[in-house]
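All heavy atoms count here, side chains included; hydrogens, waters and symmetry mates do not. Just so we're on the same page: letters track the sequence lines, and every chain starts at 1.
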Amino acid sequence: MTDRILVQTADFSFAAEYDWLVSGNTGDGAVVSFVGRMRDLNLGDPVAAMELEHYPGMTEKSLQALVAEARGRWQLGRISLIHRVGRLEPGDQIVWVGTTSPHRGDAFAATDFIMDALKTRAPFWKKEITAEGERWLEARGSDVDRAQRWEKNSINQQE
Amino acid sequence: MTDRILVQTADFSFAAEYDWLVSGNTGDGAVVSFVGRMRDLNLGDPVAAMELEHYPGMTEKSLQALVAEARGRWQLGRISLIHRVGRLEPGDQIVWVGTTSPHRGDAFAATDFIMDALKTRAPFWKKEITAEGERWLEARGSDVDRAQRWEKNSINQQE
Amino acid sequence: MSEQTVKVLFFARLREALPEPQVQLAWPKTATVADLRAALRARGADWQALTSDLLVAVNQEMASSTAPVQPGDEVAFFPPVTGG
Amino acid sequence: MSEQTVKVLFFARLREALPEPQVQLAWPKTATVADLRAALRARGADWQALTSDLLVAVNQEMASSTAPVQPGDEVAFFPPVTGG
């Protein structure tokens, strides 16, 4: 059981993160990863760049709490979670989550859960910079709906 | 919409497959991947190696059918699916699935679905080589159960 | 002539249990997968591993016991798959 | 003295809407998050952006409007999060 949790302005390497998950790890047959990338369009408008603000101090604590919750729910080997902050451009990587497990169902569920929880509970805010000026992104109802799937007694609860 | 479907004895590169999914692709914010790796233990016994047999001709056709079915169910950008055959050793990569989408829910569901469908419908068979000799792996009921989640009218159906 | 035969393939555990990994069988008519299996089992004791719980593909697509088999088809019998 | 104050932080859209990105507020007692919000709104028209639908963290953990705020605490108000 090992966690790697980072908040950073620098980009991350998909290959290096994967290597961290699997090197010397022959007990976990399943590796699931998610990468969130910046799109070049939002609500139909071209986006030139994005500024990602966070709450230093609380951010890593909240990510650690999500990962601990995932460990309580599923049988997991290694977990890595990296979120970037600062200025980002279209195509840039924003967030990485990778999990390993002996069971692929656990790795899928945990990775999906961590993203849903992060989207509703971790203190990050995106501001888009377009030709017309700047605007803060609005939270989306669909993210709230997805997060609620994991609540106890949810009819859609997985596993 | 682009598919990359391969059945090969050679290993694959996680980094190269990821690059194929994302290069020039700024429309899809979500990238989900799964890697299945060979474990060093099965049912408690150390496994020295594995021989993966398949049905040449049918194999790629069946993988193409799974991918086409995923495209019919979810909004997906690029999909890559690689399955190795031949002799493998503990820690070796066996299978890769990667999908991209504007919506992370679609990428998660499609990757999960492709693995479940592959595990019950694609003509691959594993033979393990242990100190005591060789044995063919038995299909697992849990794989059948997982695959049934995706059937029409399943109570656990996602999305 | 291939038009009057079917090609039958076996895989994995089943392939090892049978005397041959594949056979070219005289098959001048259209009949079902179940009929084909019965014809193979009629070859003798060595062929009883060809049980009705095996999976079947006709022309490289999954098929049921009641699916038709015509001259020129390729039919495969195999155990449940274990890839991934 | 920090023991008789709370540190209050604001983020994102809210931070830009308020006159200051953070304040050190005299707070000699224990009261609720709602009380703290009311005290800030009482500072004037510039502070009405501090509405009750914002999220709140006390000592860097998510908290409700009825959560207690003590001298020395760090409290943050912010809009729904949009990371990931």
Side-chain angles (χ1 to χ4, degrees), chain A residues 7 34-39 42 50-66 69 81-86 88 93-97 111-128 133-144 146-147, chain D residues 2-3 5-25 27 32-34 36-37 40-41 46-84:
Chain A
V7 179
F34 174 83
V35 174
R37 302 165 66 238
M38 188 179 155
R39 296 169 62 185
N42 192 37
M50 198 165 71
E51 191 70 33
L52 243 158
E53 179 170 334
H54 74 127
Y55 178 179
M58 177 169 173
T59 317
E60 295 195 19
K61 238 183 253 187
S62 73
L63 299 183
Q64 281 157 6
L66 306 183
E69 190 173 333
L81 171 52
I82 302 179
H83 202 295
R84 293 178 69 192
V85 293
L88 297 173
Q93 302 182 125
I94 304 169
V95 60
W96 153 276
V97 189
T111 308
D112 197 5
F113 164 81
I114 288 171
M115 276 310 302
D116 287 347
L118 183 152
K119 285 259 181 188
T120 51
R121 295 195 241 157
F124 295 101
W125 301 273
K126 286 178 186 151
K127 180 195 262 183
E128 289 182 340
E134 301 180 347
R135 65 174 175 207
W136 290 97
L137 255 70
E138 296 288 337
R140 290 182 309 186
S142 61
D143 284 330
V144 176
R146 286 188 66 80
Chain D
S2 77
E3 285 71 19
T5 63
V6 290
K7 183 179 177 185
V8 190
L9 307 172
F10 312 110
F11 290 98
R13 185 204 322 276
L14 177 68
R15 176 176 51 73
E16 293 183 348
L18 295 177
E20 299 161 60
Q22 65 175 73
V23 298
Q24 197 82 21
L25 196 72
W27 194 261
T32 67
V33 164
L36 177 63
R37 186 169 44 224
L40 289 163
R41 286 172 61 90
D46 285 354
W47 292 84
Q48 303 313 305
L50 212 56
T51 52
S52 60
D53 57 337
L54 295 165
L55 299 180
V56 187
V58 175
N59 297 328
Q60 307 184 349
E61 295 203 356
M62 292 290 196
S64 69
S65 282
T66 57
V69 176
Q70 307 185 74
D73 282 350
E74 174 176 306
V75 181
F77 292 90
F78 44 78
V81 302
T82 56

Visitor: Identify which part of A:Thr120 has an atom lying under 4.5 Å from any heavy atom of chain D, answering side chain, backbone, both or neither.
Guide: backbone

Visitor: Just so I understand: if I count every heavy-atom pair under 4.5 Å between each of A:Arg140, A:Glu51, A:Met115, A:Glu138 and chain D, which residue has the most?
Guide: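 The candidate making the most pairs under 4.5 Å is A:Glu138.
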
Visitor: Would A:Lys127 and D:Glu16 pass as an ion pair if we require N to O under 4.0 Å?
Guide: yes

Visitor: Please work out whether the ring planes of A:Tyr55 and D:Phe78 are parallel, tilted or perpendicular, with thresholds of 30° and 60°.
Guide: perpendicular

Visitor: So does A:Glu53 pair up with A:Lys126, basic N to acidic O under 4.0 Å?
Guide: no

Visitor: Would you please indicate yes or no on a ring centroid separation below 6.0 angstrom for A:Trp96 and A:Phe34?
Guide: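 No, the ring of A:Phe34 stays outside the 6.0 Å limit from the ring of A:Trp96, centre to centre.
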
Visitor: Please look at A:Lys61 and chain D and tell me whether the side chain, the backbone, both or neither of the residue comes under 4.5 angstrom of a heavy atom of that chain.
Guide: side chain

Visitor: What residue in A:Ile94, A:Val144, A:Leu137 has the most heavy-atom pairs under 4.5 Å with chain D?
Guide: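 Heavy-atom pair counts peak at A:Leu137.
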
